[in-house]
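Quick note on labels: first sequence line is chain A, next is B, and so on, each numbered from 1. Please read these numbers as outputs of a predicted model, since none were measured by experiment.
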Number of protein chains: 2
Amino acid sequence: MLHNYAMQSVRAERRRWIERLLSDDSIRNQHDLLSRLQSEGIQSTQATLSRDLADLGVVKGSNGWRLPDQAVNAPMDLAPAVRAYMLHVEVGGTLVVLRTRTGHATPLAVELDRTRLDGSLGTIAGDDTIFLAAKSSAVARGLARRLQGMLQGDRPRRFVRR
Amino acid sequence: MLHNYAMQSVRAERRRWIERLLSDDSIRNQHDLLSRLQSEGIQSTQATLSRDLADLGVVKGSNGWRLPDQAVNAPMDLAPAVRAYMLHVEVGGTLVVLRTRTGHATPLAVELDRTRLDGSLGTIAGDDTIFLAAKSSAVARGLARRLQGMLQGDRPRRFVRR
DNA sequence: CATAATTATGCAACATTATGCAGTGGAGTC
DNA sequence: GACTCCACTGCATAATGTTGCATAATTATG
(Lines give C-alpha, C1' and ligand atoms only; values in the text may rest on other atoms or scores of the structure.)
Protein backbone atom coordinates (compact mmCIF):
# COMPACT_ATOMS: atom_id res chain seq x y z
CA MET A 1 0.00 0.00 0.00
CA LEU A 2 0.93 3.60 -0.16
CA HIS A 3 1.61 4.30 3.47
CA ASN A 4 1.33 7.94 3.85
CA TYR A 5 3.40 9.57 6.51
CA ALA A 6 0.32 11.08 8.09
CA MET A 7 -2.54 8.68 7.99
CA GLN A 8 -4.71 10.46 10.46
CA SER A 9 -5.23 13.63 8.58
CA VAL A 10 -5.18 11.98 5.22
CA ARG A 11 -8.11 9.96 6.39
CA ALA A 12 -9.89 13.00 7.79
CA GLU A 13 -9.38 14.97 4.64
CA ARG A 14 -10.51 12.13 2.46
CA ARG A 15 -13.69 11.85 4.47
CA ARG A 16 -14.35 15.56 4.23
CA TRP A 17 -14.09 15.29 0.49
CA ILE A 18 -16.41 12.33 0.52
CA GLU A 19 -19.01 14.36 2.36
CA ARG A 20 -18.53 17.20 -0.06
CA LEU A 21 -18.82 15.04 -3.13
CA LEU A 22 -21.82 13.16 -1.85
CA SER A 23 -23.71 16.35 -1.17
CA ASP A 24 -22.81 17.91 -4.49
CA ASP A 25 -22.99 15.23 -7.06
CA SER A 26 -25.03 12.17 -7.37
CA ILE A 27 -22.48 9.45 -6.87
CA ARG A 28 -23.75 6.14 -8.19
CA ASN A 29 -21.25 3.72 -6.72
CA GLN A 30 -17.98 3.49 -4.90
CA HIS A 31 -16.04 3.36 -8.11
CA ASP A 32 -17.57 6.66 -9.15
CA LEU A 33 -16.63 8.14 -5.84
CA LEU A 34 -13.12 6.84 -6.22
CA SER A 35 -12.77 8.55 -9.59
CA ARG A 36 -14.12 11.83 -8.29
CA LEU A 37 -11.74 11.71 -5.36
CA GLN A 38 -8.84 11.05 -7.65
CA SER A 39 -9.79 14.04 -9.75
CA GLU A 40 -9.54 16.03 -6.51
CA GLY A 41 -6.08 14.69 -5.98
CA ILE A 42 -7.06 12.15 -3.33
CA GLN A 43 -5.71 8.68 -3.85
CA SER A 44 -7.52 5.73 -2.34
CA THR A 45 -9.14 2.40 -3.08
CA GLN A 46 -12.62 0.95 -3.15
CA ALA A 47 -11.96 -1.05 0.00
CA THR A 48 -11.12 2.04 1.94
CA LEU A 49 -14.12 3.90 0.61
CA SER A 50 -16.34 1.04 1.65
CA ARG A 51 -15.06 1.45 5.19
CA ASP A 52 -15.32 5.23 5.09
CA LEU A 53 -18.90 5.11 3.92
CA ALA A 54 -19.80 2.65 6.62
CA ASP A 55 -18.19 4.82 9.27
CA LEU A 56 -19.85 7.96 7.98
CA GLY A 57 -23.20 6.24 8.07
CA VAL A 58 -23.82 6.90 4.43
CA VAL A 59 -26.72 5.10 2.85
CA LYS A 60 -27.64 4.32 -0.69
CA GLY A 61 -30.73 6.20 -1.78
CA SER A 62 -32.65 5.94 -4.99
CA ASN A 63 -30.61 8.75 -6.43
CA GLY A 64 -27.18 7.62 -5.34
CA TRP A 65 -25.50 7.80 -1.96
CA ARG A 66 -26.63 10.21 0.64
CA LEU A 67 -25.23 11.44 3.91
CA PRO A 68 -27.25 10.23 6.89
CA ASP A 69 -28.98 13.49 7.72
CA GLN A 70 -30.00 14.00 4.14
CA ALA A 71 -31.41 10.53 3.81
CA VAL A 72 -34.02 10.66 6.50
CA ASN A 73 -37.28 11.92 5.12
CA ALA A 74 -39.36 10.13 2.61
CA PRO A 75 -39.34 11.47 -0.91
CA MET A 76 -42.26 13.70 -1.75
CA ASP A 77 -42.92 15.66 -4.84
CA LEU A 78 -42.26 19.33 -4.64
CA ALA A 79 -45.52 20.36 -6.23
CA PRO A 80 -47.76 18.83 -3.55
CA ALA A 81 -45.63 20.44 -0.87
CA VAL A 82 -45.87 23.80 -2.57
CA ARG A 83 -49.62 23.45 -2.90
CA ALA A 84 -49.86 22.42 0.72
CA TYR A 85 -47.63 25.05 2.24
CA MET A 86 -46.81 27.96 -0.04
CA LEU A 87 -49.04 30.99 0.16
CA HIS A 88 -47.26 33.08 -2.40
CA VAL A 89 -43.96 33.81 -4.00
CA GLU A 90 -42.18 36.92 -5.15
CA VAL A 91 -38.80 37.88 -6.49
CA GLY A 92 -36.30 40.48 -5.39
CA GLY A 93 -33.05 40.46 -7.29
CA THR A 94 -31.52 37.02 -7.02
CA LEU A 95 -33.69 36.14 -4.06
CA VAL A 96 -36.95 34.26 -4.29
CA VAL A 97 -39.12 34.91 -1.27
CA LEU A 98 -41.80 32.40 -0.40
CA ARG A 99 -44.44 32.90 2.25
CA THR A 100 -46.19 30.15 4.11
CA ARG A 101 -48.48 29.92 7.07
CA THR A 102 -46.79 30.25 10.41
CA GLY A 103 -44.59 27.28 11.14
CA HIS A 104 -44.79 25.85 7.66
CA ALA A 105 -41.65 27.40 6.26
CA THR A 106 -39.24 24.71 7.36
CA PRO A 107 -41.01 21.69 5.90
CA LEU A 108 -41.39 23.45 2.59
CA ALA A 109 -37.76 24.52 2.63
CA VAL A 110 -36.74 20.94 3.27
CA GLU A 111 -38.68 19.92 0.22
CA LEU A 112 -37.17 22.70 -1.85
CA ASP A 113 -33.72 21.55 -0.83
CA ARG A 114 -34.36 17.96 -1.64
CA THR A 115 -35.66 18.82 -5.04
CA ARG A 116 -32.48 20.12 -6.51
CA LEU A 117 -33.97 23.00 -8.36
CA ASP A 118 -31.73 24.07 -11.17
CA GLY A 119 -30.03 27.32 -10.33
CA SER A 120 -31.06 27.25 -6.69
CA LEU A 121 -28.10 27.80 -4.41
CA GLY A 122 -29.87 27.08 -1.16
CA THR A 123 -32.65 28.14 1.15
CA ILE A 124 -33.01 29.52 4.61
CA ALA A 125 -36.32 29.21 6.36
CA GLY A 126 -37.72 31.36 9.10
CA ASP A 127 -41.13 30.85 10.60
CA ASP A 128 -43.37 31.83 7.73
CA THR A 129 -40.82 32.96 5.18
CA ILE A 130 -38.25 31.27 3.01
CA PHE A 131 -35.39 32.93 1.23
CA LEU A 132 -34.24 30.97 -1.74
CA ALA A 133 -30.98 32.20 -3.24
CA ALA A 134 -30.77 31.86 -6.99
CA LYS A 135 -27.76 31.95 -9.21
CA SER A 136 -28.98 35.02 -11.07
CA SER A 137 -32.00 37.26 -11.15
CA ALA A 138 -33.16 35.62 -14.35
CA VAL A 139 -33.00 32.23 -12.67
CA ALA A 140 -34.84 33.70 -9.69
CA ARG A 141 -37.67 34.87 -11.91
CA GLY A 142 -37.80 31.48 -13.59
CA LEU A 143 -37.94 29.61 -10.31
CA ALA A 144 -40.65 31.86 -9.00
CA ARG A 145 -42.66 31.26 -12.12
CA ARG A 146 -42.31 27.52 -11.73
CA LEU A 147 -43.31 27.65 -8.09
CA GLN A 148 -46.21 29.87 -8.89
CA GLY A 149 -47.24 27.39 -11.55
CA MET A 150 -47.30 24.56 -9.07
CA LEU A 151 -49.87 26.40 -7.05
CA GLN A 152 -52.31 26.20 -9.87
CA GLY A 153 -51.77 22.55 -10.48
CA ASP A 154 -55.09 21.01 -9.70
CA ARG A 155 -56.71 23.98 -8.12
CA PRO A 156 -58.93 26.68 -9.58
CA ARG A 157 -56.90 29.65 -10.60
CA ARG A 158 -58.85 32.18 -8.62
CA PHE A 159 -57.48 30.84 -5.35
CA VAL A 160 -54.17 32.50 -5.96
CA ARG A 161 -54.42 35.96 -4.62
CA ARG A 162 -52.28 38.88 -3.51
CA MET B 1 20.11 10.68 27.67
CA LEU B 2 21.12 14.27 27.49
CA HIS B 3 20.00 15.46 30.88
CA ASN B 4 19.86 19.13 30.84
CA TYR B 5 21.03 20.99 33.87
CA ALA B 6 17.51 22.23 34.49
CA MET B 7 14.98 19.58 33.69
CA GLN B 8 12.03 21.35 35.17
CA SER B 9 12.23 24.27 32.86
CA VAL B 10 13.20 22.16 29.91
CA ARG B 11 10.01 20.25 30.34
CA ALA B 12 7.98 23.38 30.88
CA GLU B 13 9.47 25.05 27.87
CA ARG B 14 8.94 22.03 25.70
CA ARG B 15 5.30 21.94 26.69
CA ARG B 16 4.89 25.62 26.02
CA TRP B 17 6.22 25.02 22.54
CA ILE B 18 3.91 22.07 22.10
CA GLU B 19 0.92 24.20 22.98
CA ARG B 20 2.11 26.91 20.67
CA LEU B 21 2.71 24.57 17.76
CA LEU B 22 -0.56 22.76 18.22
CA SER B 23 -2.57 25.94 18.15
CA ASP B 24 -0.73 27.34 15.17
CA ASP B 25 -0.03 24.54 12.82
CA SER B 26 -1.99 21.52 11.99
CA ILE B 27 0.28 18.87 13.40
CA ARG B 28 -0.57 15.49 12.02
CA ASN B 29 1.29 13.11 14.28
CA GLN B 30 3.86 12.93 17.01
CA HIS B 31 6.66 12.59 14.54
CA ASP B 32 5.59 15.83 12.89
CA LEU B 33 5.51 17.50 16.24
CA LEU B 34 8.95 16.19 17.02
CA SER B 35 10.33 17.67 13.83
CA ARG B 36 8.72 21.02 14.46
CA LEU B 37 10.12 21.09 17.97
CA GLN B 38 13.56 20.24 16.69
CA SER B 39 13.36 23.07 14.21
CA GLU B 40 12.64 25.30 17.21
CA GLY B 41 15.74 23.99 18.89
CA ILE B 42 13.95 21.65 21.25
CA GLN B 43 15.33 18.15 21.42
CA SER B 44 13.09 15.30 22.47
CA THR B 45 11.68 11.93 21.45
CA GLN B 46 8.36 10.50 20.41
CA ALA B 47 7.99 8.70 23.72
CA THR B 48 8.27 11.92 25.65
CA LEU B 49 5.87 13.68 23.38
CA SER B 50 3.38 10.91 23.85
CA ARG B 51 3.54 11.54 27.59
CA ASP B 52 3.42 15.30 27.21
CA LEU B 53 0.35 15.12 25.05
CA ALA B 54 -1.38 12.83 27.49
CA ASP B 55 -0.57 15.16 30.37
CA LEU B 56 -1.73 18.20 28.47
CA GLY B 57 -5.00 16.52 27.69
CA VAL B 58 -4.55 17.01 24.00
CA VAL B 59 -7.06 15.26 21.84
CA LYS B 60 -6.91 14.06 18.30
CA GLY B 61 -9.48 15.88 16.25
CA SER B 62 -10.45 15.43 12.65
CA ASN B 63 -8.10 18.17 11.70
CA GLY B 64 -5.09 17.17 13.70
CA TRP B 65 -4.62 17.65 17.41
CA ARG B 66 -6.27 20.23 19.47
CA LEU B 67 -5.66 21.49 22.95
CA PRO B 68 -8.55 20.71 25.28
CA ASP B 69 -9.97 24.21 25.50
CA GLN B 70 -9.68 24.67 21.78
CA ALA B 71 -11.51 21.47 21.19
CA VAL B 72 -14.63 22.88 22.78
CA ASN B 73 -15.20 26.57 22.21
CA ALA B 74 -13.08 27.19 19.23
CA PRO B 75 -11.08 30.33 18.77
CA MET B 76 -10.36 28.73 15.47
CA ASP B 77 -9.07 30.16 12.27
CA LEU B 78 -11.54 30.61 9.51
CA ALA B 79 -9.74 28.34 7.10
CA PRO B 80 -9.82 25.26 9.34
CA ALA B 81 -13.48 25.90 10.06
CA VAL B 82 -14.21 26.15 6.38
CA ARG B 83 -12.32 22.98 5.69
CA ALA B 84 -14.10 21.21 8.49
CA TYR B 85 -17.63 22.43 7.84
CA MET B 86 -18.15 23.89 4.41
CA LEU B 87 -19.34 21.53 1.75
CA HIS B 88 -19.46 24.06 -1.04
CA VAL B 89 -19.95 27.67 -1.88
CA GLU B 90 -21.67 29.53 -4.69
CA VAL B 91 -22.62 33.03 -5.61
CA GLY B 92 -25.92 34.52 -6.64
CA GLY B 93 -25.83 38.24 -7.12
CA THR B 94 -24.57 39.87 -3.97
CA LEU B 95 -25.24 36.78 -1.93
CA VAL B 96 -22.66 34.12 -1.13
CA VAL B 97 -24.35 30.84 -0.33
CA LEU B 98 -22.46 28.29 1.74
CA ARG B 99 -23.68 24.78 2.34
CA THR B 100 -22.74 22.58 5.26
CA ARG B 101 -23.96 19.35 6.69
CA THR B 102 -27.09 19.57 8.76
CA GLY B 103 -26.47 21.44 11.97
CA HIS B 104 -23.09 22.79 11.00
CA ALA B 105 -24.23 26.07 9.53
CA THR B 106 -24.27 28.02 12.76
CA PRO B 107 -20.74 27.26 13.96
CA LEU B 108 -19.35 28.13 10.57
CA ALA B 109 -21.37 31.34 10.44
CA VAL B 110 -20.03 32.30 13.85
CA GLU B 111 -16.55 31.89 12.50
CA LEU B 112 -17.37 33.91 9.41
CA ASP B 113 -18.68 36.69 11.60
CA ARG B 114 -15.67 36.66 13.86
CA THR B 115 -13.38 36.98 10.91
CA ARG B 116 -14.34 40.40 9.67
CA LEU B 117 -14.27 39.57 6.03
CA ASP B 118 -13.81 42.66 3.96
CA GLY B 119 -16.99 43.60 2.16
CA SER B 120 -19.13 41.18 4.10
CA LEU B 121 -22.27 42.84 5.45
CA GLY B 122 -23.43 39.95 7.59
CA THR B 123 -24.57 36.35 7.59
CA ILE B 124 -27.69 34.40 8.30
CA ALA B 125 -27.42 30.73 9.10
CA GLY B 126 -30.11 28.15 8.74
CA ASP B 127 -29.62 24.52 9.44
CA ASP B 128 -27.32 23.56 6.59
CA THR B 129 -27.13 26.82 4.68
CA ILE B 130 -25.55 30.20 5.22
CA PHE B 131 -26.36 33.37 3.34
CA LEU B 132 -23.55 35.85 3.43
CA ALA B 133 -24.55 39.26 2.17
CA ALA B 134 -21.79 41.07 0.33
CA LYS B 135 -21.42 44.73 -0.50
CA SER B 136 -21.52 44.07 -4.21
CA SER B 137 -21.64 41.17 -6.59
CA ALA B 138 -17.95 41.64 -7.35
CA VAL B 139 -17.17 41.40 -3.65
CA ALA B 140 -19.40 38.35 -3.41
CA ARG B 141 -17.47 36.62 -6.15
CA GLY B 142 -14.20 37.50 -4.47
CA LEU B 143 -15.32 36.20 -1.10
CA ALA B 144 -16.55 32.97 -2.64
CA ARG B 145 -13.26 32.50 -4.34
CA ARG B 146 -11.39 33.00 -1.09
CA LEU B 147 -13.64 30.55 0.72
CA GLN B 148 -13.31 28.00 -2.03
CA GLY B 149 -9.56 28.40 -1.85
CA MET B 150 -9.57 27.50 1.81
CA LEU B 151 -10.90 24.08 0.98
CA GLN B 152 -7.65 23.17 -0.69
CA GLY B 153 -5.77 23.82 2.48
CA ASP B 154 -2.38 22.28 2.52
CA ARG B 155 -2.41 20.22 -0.58
CA PRO B 156 -0.98 21.46 -3.84
CA ARG B 157 -3.91 21.42 -6.16
CA ARG B 158 -4.86 22.10 -9.66
CA PHE B 159 -8.22 23.49 -10.22
CA VAL B 160 -11.53 23.96 -8.76
CA ARG B 161 -14.52 23.12 -10.76
CA ARG B 162 -17.99 24.53 -10.40
C1' DC C 1 -30.97 -19.28 -12.65
C1' DA C 2 -26.60 -17.42 -14.60
C1' DT C 3 -23.83 -13.63 -14.97
C1' DA C 4 -22.25 -9.12 -14.11
C1' DA C 5 -21.81 -5.38 -11.03
C1' DT C 6 -21.16 -3.72 -6.66
C1' DT C 7 -19.88 -3.82 -1.91
C1' DA C 8 -17.68 -6.01 2.17
C1' DT C 9 -13.90 -8.28 4.57
C1' DG C 10 -9.72 -11.43 6.06
C1' DC C 11 -5.21 -10.67 6.11
C1' DA C 12 -0.66 -8.79 6.04
C1' DA C 13 2.09 -4.63 5.88
C1' DC C 14 2.93 -0.44 7.57
C1' DA C 15 2.07 3.75 10.57
C1' DT C 16 1.24 5.73 14.87
C1' DT C 17 0.98 5.90 19.70
C1' DA C 18 1.72 4.00 24.42
C1' DT C 19 4.54 1.94 27.98
C1' DG C 20 7.97 -1.14 30.87
C1' DC C 21 12.31 -0.49 32.30
C1' DA C 22 16.57 1.38 33.56
C1' DG C 23 19.59 5.35 33.80
C1' DT C 24 20.47 10.22 35.09
C1' DG C 25 20.89 14.17 37.71
C1' DG C 26 18.62 17.72 40.80
C1' DA C 27 16.98 18.46 45.57
C1' DG C 28 16.83 17.47 50.19
C1' DT C 29 19.05 15.51 54.37
C1' DC C 30 22.64 14.67 57.38
C1' DG D 1 30.53 15.91 50.39
C1' DA D 2 27.95 11.54 50.40
C1' DC D 3 23.70 9.50 50.31
C1' DT D 4 18.89 8.83 49.16
C1' DC D 5 14.77 9.84 46.79
C1' DC D 6 12.27 10.45 42.70
C1' DA D 7 10.64 13.07 38.67
C1' DC D 8 11.90 12.77 34.07
C1' DT D 9 13.70 10.81 29.98
C1' DG D 10 15.26 7.64 26.12
C1' DC D 11 15.31 3.12 24.31
C1' DA D 12 13.13 -0.74 22.88
C1' DT D 13 9.04 -2.73 22.03
C1' DA D 14 4.15 -3.56 22.64
C1' DA D 15 -0.44 -2.12 21.43
C1' DT D 16 -3.46 -0.03 18.41
C1' DG D 17 -5.01 1.98 14.07
C1' DT D 18 -5.23 2.33 8.96
C1' DT D 19 -4.84 0.72 4.37
C1' DG D 20 -4.35 -2.10 -0.02
C1' DC D 21 -4.78 -6.45 -2.10
C1' DA D 22 -7.25 -10.30 -3.11
C1' DT D 23 -11.37 -12.30 -2.87
C1' DA D 24 -15.80 -13.39 -0.76
C1' DA D 25 -20.50 -11.93 -0.26
C1' DT D 26 -24.26 -9.55 -1.89
C1' DT D 27 -27.18 -7.26 -5.13
C1' DA D 28 -28.80 -6.15 -9.80
C1' DT D 29 -29.77 -7.67 -14.55
C1' DG D 30 -31.00 -10.48 -18.38
Rounding to a whole Å, what distance do you find between A/I18:CD1 and D/dT18:C1'?
14 Å
Mind checking what makes side-chain hydrogen bond (donor to acceptor under 3.5 Å, both in side chains) contact with B/S50, not counting sequence neighbours?
none
Check nucleotides 3-5 of chain C for protein N or O atoms closer than 3.5 Å to its own N or O atoms and list the pairs.
none

What residues form a side-chain contact (heavy atoms from CB on, under 4.5 Å) with B/A79, not counting sequence neighbours?
B/M150
Could you tell me which residues satisfy side-chain contact (heavy atoms from CB on, under 4.5 Å) with B/L34, sequence neighbours excluded, listed by chain and number?
B/Q38, B/S44, B/L49
May I have all residue pairs that pass ring pair (Phe, Tyr, Trp, His ring centres under 6.0 Å) and include part of residues 92-123 of chain B, sequence neighbours excluded?
B/Y85-B/H104
Would you check, one step at a time, whether the test salt bridge (Lys or Arg N to Asp or Glu O under 4.0 Å) holds for A/E111 with A/R114?
CA-CA 5 Å; A/E111 217 41 56; A/R114 195 180 9 245; 2.6 Å; yes
In this structure, how many angstroms lie between the P atom of D/dT9 and the CG atom of B/L34, rounded?
13 Å
B/D55: partners by salt bridge (Lys or Arg N to Asp or Glu O under 4.0 Å), with sequence neighbours left out:
B/R11, B/R15
Not counting sequence neighbours, which residues clear side-chain hydrogen bond (donor to acceptor under 3.5 Å, both in side chains) with B/T94? List them please.
none
side-chain contact (heavy atoms from CB on, under 4.5 Å) involving B/V91 - partner list, sequence neighbours excluded:
B/A140, B/R141, B/A144
Has A/Q46 got a side-chain N or O lying under 4.0 Å from the OP1 or OP2 atom of D/dA22?
no
Which pairs pass ring pair (Phe, Tyr, Trp, His ring centres under 6.0 Å) with one or both residues in residues 114-149 of chain A, sequence neighbours excluded?
none
Would you mind reading off the distance between A/Q30 atom CD and D/dT26 atom C1', rounded to a whole angstrom?
12 Å
Rounded to the Å, how far apart are A/H31 NE2 and D/dG20 P?
14 Å
Looking at residues 47-55 of chain B, who's got a heavy atom less than 4.0 Å off DNA chain C?
B/A47, B/S50, B/R51
Which whole-number value in Å describes the distance from A/L33 CG to C/dA8 C1'?
15 Å
For B/R11 and C/dT24, give me the distance from atom CZ to atom C1', rounded to whole Å.
16 Å
Check the interface with nucleotides 27-29 of chain D: list each N/O to N/O pair with the protein under 3.5 Å, or write none.
none

Between C1' on D/dG10 and CZ on B/R14, what's the gap in Å once rounded to a whole number?
11 Å
Should the heavy atoms of other residues, nucleotides or ligands under 6.0 Å from CZ of B/R146 be counted, would the total exceed 12?
no
For residues 25-47 of chain B, the ring pair (Phe, Tyr, Trp, His ring centres under 6.0 Å) pairs (sequence neighbours left out) are none
